[in-house]
Amino acid sequence: MKHTQAYEGPTDLGEDGPAGAGSSRLVGSDRVLAVLKVLARYPGGVGLEELTRVIGSPKPTVHRALGALRRAGLADQDARGRYGLGDEFLRMAFAHHEARPEHLRVRPVLEALAHRFGETAHYAVLDGHEVVYRAKVDPPTGAVRLTSTIGGRNPAHTTAVGKLLLAGRLSAREEVEAWIGDSPLERRTPRTLCAAADLHRELVAARERGYGVDDQENETGVNCLALPVFLTSPTTPSGAVSVSALAYRMPLSTLVDALDEIRALLGPLGEPHR
C-alpha cells in the first residue's frame with residue numbers, strides 16, 4: 001500500500017483573523033490542526049525548515065502552531081530541535097484505537113489470513129473518497145511486508161476494499177459520476193480505473209460476485225482481494241477484510257481460487273444476518 005508524504009491541504013496556513021470569502025487560508029485552530037496532520041507523517045521527527053517547506057507557510061506561522069501543540073502535549077521537540085508527535089497525542093490515539101470493538105473482533109481473522117497465505121491482511125472502512133485502515137496483521141517473520149499503516153489512507157477507487165464498499169452505495173452510473181464530481185480521480189498505476197464508465201462496470205461486477213479486487217491498481221506489483229465484514233450491522237458491511245499480496249508470488253487468480261477458504265476463515269463476521 002502506498003502512502004505519500006505530500007501535504008494535501010491548503011498551502012497557506014494564514015495569519016490570525018477571519019479568512020476572506022473563498023480563501024484557502026487556514027486560521028486559528030484550523031492552522032494548528034493542519035500542522036499536526038503534517039507532523040504526523042514524520043515518525044522520526046522533522047525540523048522546522050522542512051516542516052515550513054512542506055506546508056508552504058511562513059516560518060513564524062508554523063512556529064506559533066507548533067508552540068500551541070507543545071503546550072497541549074500534542075507535539076514534542078527533541079534535543080536536535082526536531083519536532084514529533086507528543087506523548088499525550090499518542091496516549092489519546094492508542095486509547096481510542098484500543099477502544100474500538102472492530103479492532104478487537106477482527107484481529108483473530110486477520111491473524112488467521114496472514115498465517116494461511118503468508119501475506120498482509122487488513123481491515124478497512126470507507127470514509128468519503130478514501131479507505132482508512134483500522135487494523136493490519138503482517139505475514140510471518142521472513143516474508144516481505146507492505147508499507148501500509150493503521151490509520152493510513154488510500155483512494156477508494158484504487159483499492160479492493162474501497163470498490164467493494166462503494167459497490168454497496170453506488171448502484172447507477174449517475175451515482176458514480178456524482179461521487180467522482182468535478183475533480184478527476186487519481187491514477188496510481190497504469191491499471192487504475194479513473195473513468196466513470198470503467199469504475200461503474202467494476203462496481204457492478206463486485207456487487208454481483210460479492211468481493212472486490214485490486215489488480216495492481218493501487219500499487220504496481222501488489223494485488224488484493226477483499227470481502228465484506230458485518231461488525232456493527234446485521235445487513236450493512238461495517239468495512240472489509242482484505243488479503244494484499246505481492247503479485248509475483250501470489251497472482252490475483254490464486255487469491256480468487258482461495259475465495260471459499262477466505263470466506264471460511266471469516267466465519268460469521270463475513271455473513272449478513274437477515
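Start at 1 with the first residue, then count along the sequence. Every value quoted in this text rests on a predicted model; they were computed, and no experiment measured them.
Within the model, atoms CH2 of W179 and CG of L199 stand 6.5 Å from one another, a figure rounded to the nearest 0.5 Å. Rounded to the nearest 0.5 angstrom, D138 CG and E119 CD are separated by 10.5 Å. The CD atom of E88 sits 10.5 Å away from atom CG of D76, with the distance rounded to the nearest 0.5 Å. Distance check, rounded to the nearest 0.5 Å: OG1 of T149 to NE2 of H122 gives 8.5 Å. For the atom pair T236 OG1 and R169 CZ, the distance stands at 8.5 Å (nearest 0.5 Å). Considering CG of N223 and CG of L252, their distance stands at 5.0 Å, rounded to 0.5 Å.
Closest approach of P228 and G210 over heavy atoms only: CD-O, 3.6 Å. Nearest heavy-atom pair, L126 versus A156, reported as atom, atom and distance to 0.1 Å: CD1-CB, 3.7 Å. The two residues L164 and A226 come nearest to each other via the heavy atoms CD2-O, 3.6 Å. For the pair K37 and R41, the tightest heavy-atom approach, listed with the atom from each and the gap, is O-CG, 3.6 Å. Residues C224 and S244 come closest through the heavy atom pair SG-OG, 3.4 Å. Heavy atoms only, all atoms of each residue included: V32 and A68 are closest at CG2-CB, 4.2 Å.
Evaluated for a side-chain contact (heavy atoms from CB on, under 4.5 Å) with L203, the options L165, L193, L170 yield exactly one hit, L170. Here the options are N218, D214, T158, the test is side chain to side chain donor-acceptor pair (under 3.5 Å), and the partner is R188; only N218 passes. Applying side-chain contact (heavy atoms from CB on, under 4.5 Å) to L227 and the options V241, I262, L265 leaves one that passes, I262.
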Go through the steps to decide whether V109 and Y123 satisfy the test side-chain contact (heavy atoms from CB on, under 4.5 Å), and finish with yes or no. CA-CA 10 Å; V109 170; Y123 169 66; over 6 Å; no

Go through it in stages, so that I can follow the logic: the residues are I55 and V35, the test is side-chain contact (heavy atoms from CB on, under 4.5 Å), and I'd like the CA-CA distance, side-chain angles, deciding distance and then a yes or no. CA-CA 8 Å; I55 294 175; V35 173; 3.9 Å; yes

Take L110 and T120 through the test side-chain contact (heavy atoms from CB on, under 4.5 Å) and record every step on the way to the result. CA-CA 8 Å; L110 300 184; T120 300; over 6 Å; no

Is there a side-chain contact (heavy atoms from CB on, under 4.5 Å) between L113 and V137 once you walk through the steps? CA-CA 9 Å; L113 289 170; V137 173; over 6 Å; no

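The salt bridge (Lys or Arg N to Asp or Glu O under 4.0 Å) contacts involving residues 42-63 comprise E49-K59, E50-R53, where partners must be two or more places apart or lie in separate chains. Judged as a salt bridge (Lys or Arg N to Asp or Glu O under 4.0 Å), the pairs with a partner in residues 250-262 (not counting sequence neighbours) are, in order, R116-E261.
Looking at residues two or more places apart in sequence or on another chain, you find a salt bridge (charged side-chain N to carboxylate O under 4.0 Å, His left out) between R191 and D215.
Looking only at distances, a side-chain donor or acceptor of K163 sits under 3.5 Å from a matching main-chain atom of V213. In this structure, E130 contributes its side chain and D127 its backbone to no donor-acceptor pair below 3.5 Å. With R207 contributing its side chain and A167 its backbone, the two residues share a donor-acceptor pair below 3.5 Å. Listed for the H157 side chain is no donor-acceptor partner under 3.5 Å among the backbone atoms of H129.
Contact of the F89 side chain with the L69 side chain is not registered, since no non-hydrogen atoms from C-beta on lie closer than 4.5 Å. Contact check for R173 versus E177: side-chain heavy atoms found under the 4.5 Å cut-off. Proximity of S238 to V229: side-chain heavy atoms (C-beta onward) are separated by under 4.5 Å at one or more points.
Under 3.5 Å, the side chains of S242 and Y133 contain no donor-acceptor pair of N or O atoms.
Between E202 and R209 there is a salt bridge, with a side-chain nitrogen of the basic residue lying less than 4.0 Å from a carboxylate oxygen of the acidic one.
V256 and V204 fall into different hydrophobic clusters, where Ile, Leu, Val, Met, Phe, Trp and Tyr are joined by side-chain heavy atoms under 4.5 Å apart, directly or via other members.
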